[in-house]
Q: 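Before we start, here is the structure in question, set down as C-alpha coordinates.
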Amino acid sequence: QKEVEQNSGPLSVPEGAIASLNCTYSDRGSQSFFWYRQYSGKSPELIMFIYSNGDKEDGRFTAQLNKASQYVSLLIRDSQPSDSATYLCARRDSGYALNFGKGTSLLVTP
Amino acid sequence: GAVVSQHPSRVICKSGTSVKIECRSLDFQATTMFWYRQFPKKSLMLMATSNEGSKATYEQGVEKDKFLINHASLTLSTLTVTSAHPEDSSFYICSARGTPERDWPQHFGDGTRLSIL
(Lines give C-alpha, C1' and ligand atoms only; values in the text may rest on other atoms or scores of the structure.)
Protein backbone atom coordinates (compact mmCIF):
# COMPACT_ATOMS: atom_id res chain seq x y z
CA GLN A 1 0.00 0.00 0.00
CA LYS A 2 1.45 3.33 -1.07
CA GLU A 3 0.55 5.51 1.86
CA VAL A 4 0.34 9.24 2.25
CA GLU A 5 0.38 10.29 5.87
CA GLN A 6 -0.79 13.54 7.38
CA ASN A 7 -1.39 14.69 10.92
CA SER A 8 -5.14 15.11 11.20
CA GLY A 9 -4.84 18.11 13.50
CA PRO A 10 -6.52 20.39 14.15
CA LEU A 11 -3.68 22.79 13.66
CA SER A 12 -4.52 26.14 15.16
CA VAL A 13 -2.62 29.31 14.23
CA PRO A 14 -3.37 32.96 14.90
CA GLU A 15 -4.28 35.25 12.05
CA GLY A 16 -1.17 36.58 10.30
CA ALA A 17 1.04 33.70 11.36
CA ILE A 18 2.64 31.04 9.20
CA ALA A 19 0.83 27.71 9.03
CA SER A 20 3.01 24.70 8.32
CA LEU A 21 1.39 21.53 7.03
CA ASN A 22 3.35 18.34 6.59
CA CYS A 23 2.93 15.14 4.67
CA THR A 24 5.03 12.00 4.29
CA TYR A 25 4.77 9.26 1.73
CA SER A 26 5.93 5.68 1.58
CA ASP A 27 6.58 5.11 -2.13
CA ARG A 28 10.08 6.38 -2.90
CA GLY A 29 9.27 6.29 -6.61
CA SER A 30 6.55 8.92 -6.28
CA GLN A 31 7.14 11.84 -8.61
CA SER A 32 4.34 14.36 -8.34
CA PHE A 33 2.60 15.82 -5.33
CA PHE A 34 -0.40 18.02 -4.87
CA TRP A 35 -1.94 20.12 -2.16
CA TYR A 36 -5.70 20.60 -2.15
CA ARG A 37 -7.86 22.66 0.17
CA GLN A 38 -11.29 21.36 1.05
CA TYR A 39 -13.95 23.32 2.84
CA SER A 40 -16.60 21.37 4.69
CA GLY A 41 -19.12 19.89 2.29
CA LYS A 42 -17.22 21.09 -0.76
CA SER A 43 -15.03 19.53 -3.38
CA PRO A 44 -11.22 19.81 -3.13
CA GLU A 45 -9.66 22.88 -4.66
CA LEU A 46 -6.13 22.67 -6.07
CA ILE A 47 -3.62 24.94 -4.34
CA MET A 48 -0.29 23.80 -5.70
CA PHE A 49 1.57 20.93 -7.24
CA ILE A 50 5.26 20.16 -7.03
CA TYR A 51 7.54 17.55 -8.52
CA SER A 52 11.06 18.88 -8.09
CA ASN A 53 13.05 18.90 -4.89
CA GLY A 54 13.07 22.27 -3.22
CA ASP A 55 10.58 25.05 -2.84
CA LYS A 56 7.83 26.31 -5.08
CA GLU A 57 6.11 29.56 -4.25
CA ASP A 58 2.76 30.91 -5.35
CA GLY A 59 1.54 33.99 -3.55
CA ARG A 60 1.14 33.20 0.14
CA PHE A 61 1.73 29.52 -0.42
CA THR A 62 5.02 27.66 -0.58
CA ALA A 63 5.26 23.95 -1.26
CA GLN A 64 8.41 22.11 -0.28
CA LEU A 65 9.48 18.69 -1.48
CA ASN A 66 12.28 16.55 -0.12
CA LYS A 67 12.39 13.25 -1.99
CA ALA A 68 15.30 11.88 0.03
CA SER A 69 13.30 12.24 3.22
CA GLN A 70 9.99 11.52 1.50
CA TYR A 71 8.11 14.48 2.77
CA VAL A 72 6.13 17.32 1.31
CA SER A 73 5.08 20.42 3.15
CA LEU A 74 2.90 23.43 2.57
CA LEU A 75 3.54 26.79 4.19
CA ILE A 76 0.83 29.40 4.31
CA ARG A 77 2.10 32.86 5.10
CA ASP A 78 -0.06 35.60 6.61
CA SER A 79 -2.75 33.07 7.45
CA GLN A 80 -6.31 34.33 7.24
CA PRO A 81 -9.48 33.00 8.85
CA SER A 82 -10.66 32.13 5.34
CA ASP A 83 -7.75 29.67 5.13
CA SER A 84 -9.47 27.54 7.77
CA ALA A 85 -10.17 24.27 5.98
CA THR A 86 -8.87 20.75 5.58
CA TYR A 87 -5.70 20.48 3.55
CA LEU A 88 -5.20 17.32 1.57
CA CYS A 89 -1.84 16.09 0.42
CA ALA A 90 -1.83 13.74 -2.55
CA ARG A 91 0.62 11.85 -4.69
CA ARG A 92 0.03 10.89 -8.28
CA ASP A 93 0.13 7.19 -8.95
CA SER A 94 1.30 5.48 -12.11
CA GLY A 95 -2.18 5.63 -13.59
CA TYR A 96 -2.45 9.37 -12.93
CA ALA A 97 -5.02 8.92 -10.18
CA LEU A 98 -4.41 10.68 -6.88
CA ASN A 99 -3.66 8.89 -3.65
CA PHE A 100 -4.74 11.17 -0.81
CA GLY A 101 -3.74 11.53 2.78
CA LYS A 102 -6.44 11.89 5.40
CA GLY A 103 -6.01 15.64 5.51
CA THR A 104 -5.01 18.16 8.15
CA SER A 105 -7.61 20.45 9.62
CA LEU A 106 -6.36 24.03 9.88
CA LEU A 107 -8.01 26.64 12.06
CA VAL A 108 -6.90 30.25 11.77
CA THR A 109 -8.12 32.26 14.73
CA PRO A 110 -8.77 36.02 14.46
CA GLY B 1 -8.56 27.24 -16.44
CA ALA B 2 -9.86 23.74 -16.84
CA VAL B 3 -13.36 23.24 -15.51
CA VAL B 4 -15.11 20.05 -14.57
CA SER B 5 -18.86 20.07 -14.12
CA GLN B 6 -20.66 17.45 -12.07
CA HIS B 7 -24.40 16.94 -11.86
CA PRO B 8 -26.51 16.59 -9.80
CA SER B 9 -25.03 18.21 -6.72
CA ARG B 10 -27.33 16.42 -4.33
CA VAL B 11 -29.57 13.38 -4.49
CA ILE B 12 -31.90 12.06 -1.84
CA CYS B 13 -33.74 8.88 -2.73
CA LYS B 14 -35.17 5.68 -1.42
CA SER B 15 -33.27 2.47 -0.98
CA GLY B 16 -33.26 0.38 -4.14
CA THR B 17 -33.19 3.34 -6.50
CA SER B 18 -30.52 3.65 -9.17
CA VAL B 19 -28.79 7.02 -9.39
CA LYS B 20 -26.81 8.42 -12.30
CA ILE B 21 -24.12 11.06 -11.81
CA GLU B 22 -22.62 12.97 -14.73
CA CYS B 23 -19.15 14.41 -14.98
CA ARG B 24 -18.27 16.74 -17.85
CA SER B 25 -15.09 18.46 -18.86
CA LEU B 26 -16.14 21.86 -20.14
CA ASP B 27 -13.12 23.30 -21.91
CA PHE B 28 -10.86 20.36 -22.62
CA GLN B 29 -11.00 16.79 -23.78
CA ALA B 30 -10.66 14.41 -20.87
CA THR B 31 -8.93 11.24 -21.91
CA THR B 32 -9.22 9.95 -18.39
CA MET B 33 -11.73 10.62 -15.65
CA PHE B 34 -11.53 9.44 -12.09
CA TRP B 35 -14.29 8.72 -9.62
CA TYR B 36 -13.67 9.17 -5.92
CA ARG B 37 -15.81 8.63 -2.87
CA GLN B 38 -15.54 10.41 0.45
CA PHE B 39 -17.28 9.31 3.62
CA PRO B 40 -17.77 11.84 6.44
CA LYS B 41 -14.52 12.97 8.03
CA LYS B 42 -12.55 10.63 5.76
CA SER B 43 -10.29 11.29 2.85
CA LEU B 44 -11.06 10.79 -0.81
CA MET B 45 -10.72 7.22 -1.96
CA LEU B 46 -10.35 6.34 -5.62
CA MET B 47 -13.17 4.12 -6.83
CA ALA B 48 -12.36 3.73 -10.51
CA THR B 49 -10.47 5.11 -13.46
CA SER B 50 -12.43 5.72 -16.61
CA ASN B 51 -10.80 5.94 -20.03
CA GLU B 52 -12.76 7.11 -23.04
CA GLY B 53 -13.95 4.22 -25.16
CA SER B 54 -12.80 1.45 -22.86
CA LYS B 55 -13.92 -0.32 -19.73
CA ALA B 56 -13.31 1.34 -16.42
CA THR B 57 -10.68 0.03 -14.05
CA TYR B 58 -12.05 -0.46 -10.54
CA GLU B 59 -10.11 -0.32 -7.31
CA GLN B 60 -10.04 -3.33 -5.05
CA GLY B 61 -13.22 -3.65 -3.06
CA VAL B 62 -15.36 -1.57 -5.41
CA GLU B 63 -18.16 -3.61 -7.01
CA LYS B 64 -18.17 -2.98 -10.74
CA ASP B 65 -21.70 -4.33 -11.11
CA LYS B 66 -22.96 -1.88 -8.52
CA PHE B 67 -21.06 1.17 -9.69
CA LEU B 68 -21.45 1.31 -13.45
CA ILE B 69 -19.15 3.71 -15.24
CA ASN B 70 -19.56 4.85 -18.82
CA HIS B 71 -17.09 7.12 -20.58
CA ALA B 72 -18.65 7.35 -24.01
CA SER B 73 -17.10 10.62 -25.11
CA LEU B 74 -14.04 12.73 -24.40
CA THR B 75 -16.10 15.16 -22.36
CA LEU B 76 -18.53 12.97 -20.44
CA SER B 77 -18.30 10.17 -17.92
CA THR B 78 -21.22 8.83 -15.91
CA LEU B 79 -21.36 6.86 -12.69
CA THR B 80 -24.53 4.91 -11.99
CA VAL B 81 -25.07 3.60 -8.50
CA THR B 82 -27.41 0.68 -9.03
CA SER B 83 -29.93 -0.40 -6.40
CA ALA B 84 -28.47 2.04 -3.91
CA HIS B 85 -28.63 1.28 -0.20
CA PRO B 86 -28.00 3.49 2.84
CA GLU B 87 -24.38 2.35 3.06
CA ASP B 88 -23.82 3.88 -0.39
CA SER B 89 -24.59 7.31 1.03
CA SER B 90 -21.46 9.34 0.46
CA PHE B 91 -19.92 12.28 -1.35
CA TYR B 92 -18.99 11.24 -4.88
CA ILE B 93 -16.48 13.39 -6.73
CA CYS B 94 -15.14 13.12 -10.24
CA SER B 95 -11.98 14.55 -11.70
CA ALA B 96 -10.60 14.73 -15.18
CA ARG B 97 -7.24 14.61 -16.83
CA GLY B 98 -6.60 16.23 -20.18
CA THR B 99 -3.42 16.50 -22.16
CA PRO B 100 -0.74 13.89 -21.43
CA GLU B 101 1.42 16.20 -19.38
CA ARG B 102 3.16 14.46 -16.56
CA ASP B 103 1.97 16.91 -13.99
CA TRP B 104 -1.41 17.94 -15.30
CA PRO B 105 -3.13 18.79 -12.04
CA GLN B 106 -6.48 17.16 -11.70
CA HIS B 107 -9.44 19.44 -11.32
CA PHE B 108 -12.42 18.18 -9.44
CA GLY B 109 -16.09 18.53 -10.07
CA ASP B 110 -18.20 20.05 -7.31
CA GLY B 111 -19.23 16.61 -6.10
CA THR B 112 -22.53 14.83 -5.62
CA ARG B 113 -23.85 14.21 -2.15
CA LEU B 114 -25.87 11.03 -2.24
CA SER B 115 -28.23 10.24 0.60
CA ILE B 116 -30.12 6.96 0.52
CA LEU B 117 -33.05 6.69 2.89
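The chains referred to below are lettered A, B, ... by the order of the sequence lines, with proteins before strands, and numbering in each begins at 1. Only this structure's heavy atoms are used, side chains among them; waters, hydrogens and symmetry mates stay out.
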Q: Is there a path from A/Val72 to A/Leu75 through hydrophobic residues (I, L, V, M, F, W, Y) whose side chains come within less than 4.5 Å of each other?
A: no
Q: Just to be sure I understand the criterion: a residue of residues 109-117 of chain B counts if one of its heavy atoms is under 4.5 Å from a heavy atom of chain A. Which ones qualify?
A: B/Gly109, B/Asp110, B/Gly111, B/Arg113
Q: Is chain B contacted by the side chain of A/Gln38, its backbone, both, or neither, given a heavy-atom distance below 4.5 Å?
A: side chain
Q: Would you say NZ of B/Lys20 has more than 12 non-hydrogen atoms from neighbouring residues, nucleotides or ligands within 6.0 angstrom?
A: no
Q: Please state whether the side chain, the backbone, both or neither of B/Phe34 comes within less than 4.5 Å of a heavy atom of chain A.
A: side chain
Q: Membership question, hydrophobic clusters at under 4.5 Å side-chain separation (ILVMFWY): are B/Ile21 and B/Leu44 in the same one?
A: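 Different clusters: B/Leu44 never reaches B/Ile21 through Ile, Leu, Val, Met, Phe, Trp or Tyr contacts under 4.5 Å.
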Q: Establish whether B/Ile93 and A/Tyr96 are linked, either directly or via other cluster members, by ILVMFWY side-chain heavy-atom contacts under 4.5 Å.
A: yes
Q: Side chain, backbone, both or neither: which part of B/Leu46 has a non-hydrogen atom closer than 4.5 Å to chain A?
A: side chain
Q: Same cluster or not: A/Tyr71 versus A/Leu65, using hydrophobic residues (I, L, V, M, F, W, Y) connected whenever any side-chain heavy atoms lie under 4.5 Å apart?
A: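 No, it is not one cluster - the side chains of A/Tyr71 and A/Leu65 are not joined through contacts under 4.5 Å.
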Q: In Å and rounded to the nearest 0.5 Å, what is the CZ to OH distance from A/Phe100 to B/Tyr36?
A: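 Reported value, rounded in 0.5 Å steps: 5.5 Å.
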Q: Which atom names give the shortest non-hydrogen contact between A/Lys42 and B/Phe91, and what distance separates them?
A: O-CE2, 3.5 Å
Q: Side chain, backbone, both or neither: which part of B/Gln38 has an atom under 4.5 Å from a heavy atom of chain A?
A: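 Side chain only.
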Q: Using the rule that two of Ile, Leu, Val, Met, Phe, Trp, Tyr join whenever any of their side-chain heavy atoms come within less than 4.5 Å, decide whether A/Phe33 and A/Leu106 are in one cluster.
A: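 Both belong to a single hydrophobic cluster.
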Q: Is there any residue in residues 52-85 of chain B with a non-hydrogen atom under 4.5 Å from a non-hydrogen atom of chain A, and which ones are they?
A: none
Q: Which bit of A/Leu98 comes within less than 4.5 Å of chain B, counting heavy atoms only: side chain, backbone, both or neither?
A: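 Its backbone and side chain both get close to chain B.
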